[in-house]
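Before any comments, here is the structure.
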Protein chains: 2
Amino acid sequence: MTVTTLHRPAHRDALASLEDAFRRGDLITVFGRCSVEYDGRASSSLGAGDRLLLLKPDGSALVHTDEGRTPVNWQPPGCDHFASVRDGRLRVRSVRRSPEELLDVRFDRVHHLVAYDVTDPDDLDLRGSEADLKEHVVANPERIEPGFEPLATERETTAGPMDVFGEDASGRPVAVELKRRRVGPDAVGQLRRYVDALEREFGADTTIRGVLVAPSVTDRAASLLERDGLDFVALDPTTGRPPDDSAP
Amino acid sequence: MTVTTLHRPAHRDALASLEDAFRRGDLITVFGRCSVEYDGRASSSLGAGDRLLLLKPDGSALVHTDEGRTPVNWQPPGCDHFASVRDGRLRVRSVRRSPEELLDVRFDRVHHLVAYDVTDPDDLDLRGSEADLKEHVVANPERIEPGFEPLATERETTAGPMDVFGEDASGRPVAVELKRRRVGPDAVGQLRRYVDALEREFGADTTIRGVLVAPSVTDRAASLLERDGLDFVALDPTTGRPPDDSAP
DNA sequence: AGGTCTATGTCGTTT
DNA sequence: AAACGACGTAGACCT
């Protein structure tokens with residue numbers, strides 16, 4: 001574990017340190033007064049101010065101000081970082097191909113530069129995702145309704161793969177769309193596309209049912225469900241059981 | 001501009017420095033070997049490894065590994081940060097109310113701690129957004145089609161506000177949905193909801209038209225547009241003109 | 001606080 | 001590389 005620090009370095013020294021850190025594959029932070037230009041899918045300009053630039057060995061770049069979870073400018077993993085000194089000032093460019101995108105950070109002053117030698121086993125275990133909800137539903141199909149039988153997950157349709165495909169107690173095909181959180185109109189549209197696809201596939205004589213499974217729905221989404229003859233079942237993604245307030 | 005640095009501090013010294021930095025409203029980075037627990041809308045665990053914790057004065061917290069644009073764990077702005085030493089080890093907790101969420105970072109070792117005294121005018125100027133495309137359309141309505149006349153933007157419907165509402169050359173109402181990038185099936189569903197809402201509002205005798213405006217469409221979305229009798233116009237959000245490859 | 005929608009969304013998966 | 005959908009999406013704007 002090595003940490004290399006430069007405090008108020010000359011731009012030329014900052015450059016040398018940066019290039020060493022690039023070679024070593026370090027995680028780098030550069031704090032200083034800078035201006036930022038971005039051009040790619042969109043484009044942006046940011047006037048001079050103090051920001052923290054984070055450069056990762058995987059090619060990501062993040063420009064963070066003192067506010068917000070989201071960086072004010074960034075570049076995704078897979079980019080190439082280049083550092084240089086132009087007009088006596090440190091400049092960091094990060095380039096992406098396909099789509100062609102450029103991030104350009106020009107420093108007036110470098111207050112602080114740190115290079116961290118990192119290795120991370122990186123084994124995040126996340127619970128309460130839609131995948132967890134799916135497991136709950138497949139293991140406890142009666143939570144959807146008595147007699148419901150799951151036949152497949154990720155079953156293909158012309159509208160794309162649906163979350164769960166099954167049959168109800170009377171043998172009618174059922175499309176189930178799962179959401180880990182309260183749903184709006186978009187999820188209803190998604191379910192409807194799967195139901196439509198199945199109706200074309202099975203023919204007009206077969207009635208296809210659609211069930212949206214989520215902790216809750218918005219009013220607008222509830223109206224759309226009713227209009228389209230789709231059902232709703234309230235389930236919590238972490239427990240796989242009805243939420244505490246699912247009586248109404 | 002002040003930068004305070006601690007290199008391999010004792011946990012107790014790290015705590016004192018952190019609390020000073022909280023008081024001053026500094027932007028803080030803590031680099032060290034840590035484990036992370038999150039519990040809230042979902043929950044997660046992350047085993048020990050070297051990561052960079054970024055604590056902002058607005059209450060955001062970001063845990064970054066050596067990979068990815070997205071932090072492995074985080075807390076949004078508005079949270080309260082608390083530092084302590086438990087069992088001789090530095091611990092940082094970040095708490096959010098509504099929804100109740102907790103981020104807990106426990107350090108085995110603190111390799112490096114820095115507090116930055118930041119102020120940022122923060123005036124990002126972004127071009128090529130959907131708002132820009134809307135301005136282009138309102139200023140050059142003939143780009144939609146000859147005779148198109150915009151009457152309102154963000155016009156309310158029972159399905160929510162539509163981007164642009166107008167009339168075509170023969171006086172028929174037109175709902176326009178704008179997208180800054182290539183669109184998929186979801187955008188068609190959105191436009192359809194607006195058109196449906198207008199049809200109910202105007203009555204069955206009035207034909208409502210719907211136009212999707214974007215640089216391009218996917219095949220599936222194109223099928224849905226055709227099925228629903230909706231139109232597509234290819235426009236680029238940065239130029240407001242047809243993209244280079246919009247002939248087909 | 002809840003609803004709806006945009007985003008340089010990002011990220012994973014599959015074709 | 002394109003398409004499609006999930007995400008602890010975040011963020012903005014409105015009610």
Side-chain angles (χ1 to χ4, degrees), chain A residues 38-44 60 62-63 67-78 96-103 124 126-134 154 156-157 159-163 177-187 190 193-194 216-222 237-238, chain B residues 38-44 60 62 67-78 96-103 124 126-134 154 156-157 159-163 177-187 190 193-194 216-221 237-238:
Chain A
Y38 153 73
D39 192 58
R41 290 165 291 174
S43 61
S44 71
S60 330
L62 312 174
V63 181
E67 291 183 343
R69 210 225 52 152
T70 306
V72 62
N73 280 111
W74 70 89
Q75 205 68 296
R96 180 188 191 186
R97 318 283 174 198
S98 170
E100 189 78 30
E101 296 197 290
L102 175 66
L103 181 69
L124 183 76
L126 181 72
R127 283 95 49 184
S129 63
E130 183 184 298
D132 294 329
L133 179 55
K134 176 161 46 178
E154 306 304 324
E156 273 301 331
T157 72
M162 72 183 69
D163 289 334
E177 173 62 28
L178 307 171
K179 291 293 172 198
R180 67 170 307 283
R181 62 174 191 175
R182 185 171 174 84
V183 296
D186 52 340
Q190 198 182 338
R193 289 199 296 277
Y194 297 138
S216 58
V217 253
T218 67
D219 288 350
R220 204 112 81 185
T238 51
Chain B
Y38 153 73
D39 193 59
R41 289 164 293 173
S43 61
S44 71
S60 329
L62 312 174
E67 292 183 344
R69 210 226 50 151
T70 305
V72 63
N73 278 112
W74 70 90
Q75 206 67 297
R96 181 189 190 183
R97 319 283 174 197
S98 170
E100 189 78 30
E101 296 198 290
L102 175 66
L103 181 70
L124 184 75
L126 182 73
R127 283 94 50 183
S129 65
E130 183 184 299
D132 294 328
L133 178 55
K134 176 162 45 178
E154 307 304 323
E156 273 303 331
T157 72
M162 73 183 69
D163 289 335
E177 173 61 28
L178 308 171
K179 291 292 172 199
R180 67 170 306 284
R181 63 172 192 175
R182 186 170 175 85
V183 295
D186 52 340
Q190 197 181 340
R193 290 200 297 276
Y194 298 138
S216 57
V217 254
T218 67
D219 288 350
R220 205 114 82 186
T238 50

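To find a chain, count down the sequence lines: A is the first, B the second, and so on, and within it residues start at 1. Values below: every heavy atom of this structure, side chains too, minus hydrogens, waters and symmetry copies. Values in this document were obtained by computation on a predicted structure and should not be read as measured data.
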Side chain to side chain contact (heavy atoms under 4.5 Å, CB included) between Leu103(A) and Asn73(A), intermediate numbers included | CA-CA 8 Å; Leu103(A) 181 69; Asn73(A) 280 111; 3.8 Å; yes
Side-chain touch [X]/[Y], heavy atoms, less than 4.5 angstrom:
{"X": "Thr238(A)", "Y": "Arg127(A)", "value": "no"}
{"X": "Arg193(B)", "Y": "Glu177(B)", "value": "no"}
{"X": "Pro77(A)", "Y": "Arg69(B)", "value": "yes"}
{"X": "Arg182(B)", "Y": "Thr218(B)", "value": "yes"}

Which residue, Lys179(B) or Arg182(A), contacts DNA chain C at a nucleotide closer to its 5' end, judged by nearest heavy atom?
-> Arg182(A)
Arg193(B) or Ser98(B), whichever maps to the more 5' nucleotide of DNA chain C | Ser98(B)
Contact state string [nucleotides 8-15 of chain D, B base, S sugar-phosphate only, - no protein heavy atom under 4.0 Å] = BBSS----
Lys134(B) and Glu154(B) ion-paired at < 4.0 Å = yes
Base, sugar-phosphate or nothing for [X]? Non-hydrogen atoms, less than 4.0 Å.
{"X": "Ala187(B)", "value": "nothing"}
{"X": "Ala221(A)", "value": "nothing"}
{"X": "Glu177(A)", "value": "sugar-phosphate"}

If you take all heavy atoms of Gln75(A) and Glu101(A), which pair is closest and at what distance?
-> NE2-O, 3.3 Å
List the atom of Gly128(A), the atom of Asp132(A), and the distance in Å for their closest heavy-atom pair.
-> N-OD2, 2.6 Å
When rounded to the nearest Å, what value does the distance between P atoms of dG11(D) and dC11(C) take?
-> 15 Å
Gap in Å between the two C1' atoms, one belonging to dA7(C) and one to dC7(D), rounded | 13 Å
Within less than 4.0 Å of OP1 or OP2 of dC4(D), is there a side-chain N or O belonging to Tyr194(A)?
-> no
Span of DNA chain C engaged by chain A, first through last nucleotide within the 4.0 Å heavy-atom cut-off, is dG3(C) to dC11(C)
Just by modelled atom types, is the Pro161(B) backbone N or O under 3.5 Å from a matching donor or acceptor in the Tyr194(B) side chain?
-> yes
